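None of these values were measured; they are calculated from a predicted model. Quick note on labels: first sequence line is chain A, next is B, and so on, each numbered from 1.
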2 protein chains.
Amino acid sequence: MAKRGPYGKGIERREQILDAALRTIAERGYLATSVAELAEAVGLSQGGLLHYFGSKEELFVAVLRRRDETDLAGVHGPAPAAFVDIVRRNATVPGLIELFTHMQAAAADPRHPAHDYMLERYQLGTEGLSLALREMRRTGSLPEDLDTDGAATMFFALADGLQARWLIDPSIDMAALLEQWWDRYTTAGQR
Amino acid sequence: MAKRGPYGKGIERREQILDAALRTIAERGYLATSVAELAEAVGLSQGGLLHYFGSKEELFVAVLRRRDETDLAGVHGPAPAAFVDIVRRNATVPGLIELFTHMQAAAADPRHPAHDYMLERYQLGTEGLSLALREMRRTGSLPEDLDTDGAATMFFALADGLQARWLIDPSIDMAALLEQWWDRYTTAGQR
DNA sequence: GTCTATATCTGGATAGAC
DNA sequence: GTCTATCCAGATATAGAC
């Protein structure tokens, strides 16, 4: 017997809402987006929307989580280049970067819903990249003395920092700088 | 004749306000700080405070500018290490980092008062560091093929990114990572 | 599950007296 | 220059009907 309630239609609706919210935020940005705005874009009332997500902040976090999922699903090729690709693609949706930047700032408060999300993201990202780097180091394509955890932490901090700046000053080439970092940083001490 | 008005007492008062605001924000953080809060800390009414700064945002930007001035005034020694010292010192005033992070996010809107401030800061910072790097490169202490503008841009993006993350996850050692970056990045291709 | 309506709140800005 | 008082806008969250 096909269950109703949270399973079935409900969970699908949630996905639809998330998709619409993602699109709206990507287009209009974080500041221009209130819950009412989002509800309208999704064809729901404010109350209707909040039925699925308890609060505005939680909805926003859910949007970021969804984005991460689709980003990771589209990952191909070796670790660092794949992440640079994500950054490159992000440049086409400044609204989402803006959302992330605001959330990152707000997440400084441990009680904020984005706090745990950010911690998870840092941990998973660093772990994943560090693992890949260790493997590369093992096969000799990276210097033996490379601190892979440190490098991974740096990569994400650099990527996030570049994105925050790019939003204000689009003259910088985020992807190029990340690649430059990668080339130079990982070959140091090798020759 | 000693002028009154904006000059003399007025300008001093402004400084006092800025100092008190700086302290308050450093202690309580950005979110917990409303104009009323600030006014109280400074011993003024809300209206009194807003007499000096037109709006909340402008006041916040003024606080950041002031912070930059005192930071730069305390700079000693060679360029990169001095900046790392600033980051190290920042770790004692998370509230200010939080303020900066929020402002950086808000500055994505070109109409926001923090927008121009951020642009200036990026430009001055990058110029200054890049100049120092060029000098070091000239004297042979840096690789000849180092892109100094790129490296300077990276440094600040990395520093800002690390600070934003550190606010959420204080387990990382910002200064150590910056030094690690500096060592490895600038010696690449040198041996 | 979804809508309407509303409660409530917070906070920034303003006007005018002193 | 500074205070008091007020206004106003915007937004979230909630209650309850359908």
Less than 6.0 angstrom from the centroid, inside 45 degrees of the normal: does A:Arg165 satisfy that with respect to the ring of B:Tyr122?
yes
Rounded to whole Å, please give me the gap between [atom1] in [X] and [atom2] in [N].
X       : N      : atom1 : atom2 : value
B:Leu31 : C:dT10 : CG    : P     : 15 Å
B:Phe53 : C:dG11 : CZ    : P     : 20 Å
A:His51 : D:dA17 : NE2   : P     : 17 Å
A:Leu50 : D:dA11 : CG    : C1'   : 11 Å
A:Glu57 : D:dT12 : CD    : P     : 9 Å
B:Glu58 : C:dA13 : CD    : C1'   : 12 Å

Side-chain donor/acceptor of B:Thr126 to backbone N/O of B:Ala152, under 3.5 Å:
no
Quick check for you: among D:dA13, C:dG12, C:dG1, whose closest atom lies nearest to any side-chain atom of B:Lys56?
C:dG12
If you check every side-chain atom of B:Ser55, which of C:dA13, C:dG1, D:dT12 has the closest atom?
C:dA13
Just jot down the side-chain contact (heavy atoms from CB on, under 4.5 Å) partners of B:Ile86, sequence neighbours excluded, or say none.
B:Asp71, B:Val75, B:Phe83, B:Arg89, B:Asn90
Step by step, work out the side chain to side chain donor-acceptor pair (under 3.5 Å) result for A:Thr101 and A:Glu98.
CA-CA 5 Å; A:Thr101 308; A:Glu98 201 198 345; over 6 Å; no
Note: contacts of residues 33-46 of chain A with DNA chain C (heavy atom, under 4.0 Å) are A:Gly43, A:Leu44, A:Ser45
Could you give me the CA-CA distance, side-chain angles and deciding distance for A:Asp169 and B:Arg121, then say whether salt bridge (charged side-chain N to carboxylate O under 4.0 Å, His left out) is met?
CA-CA 11 Å; A:Asp169 169 20; B:Arg121 182 179 169 276; over 6 Å; no
Looking at A:Glu37 and A:Arg28, is any side-chain nitrogen of the basic one under 4.0 Å from a carboxylate oxygen of the acidic one?
yes
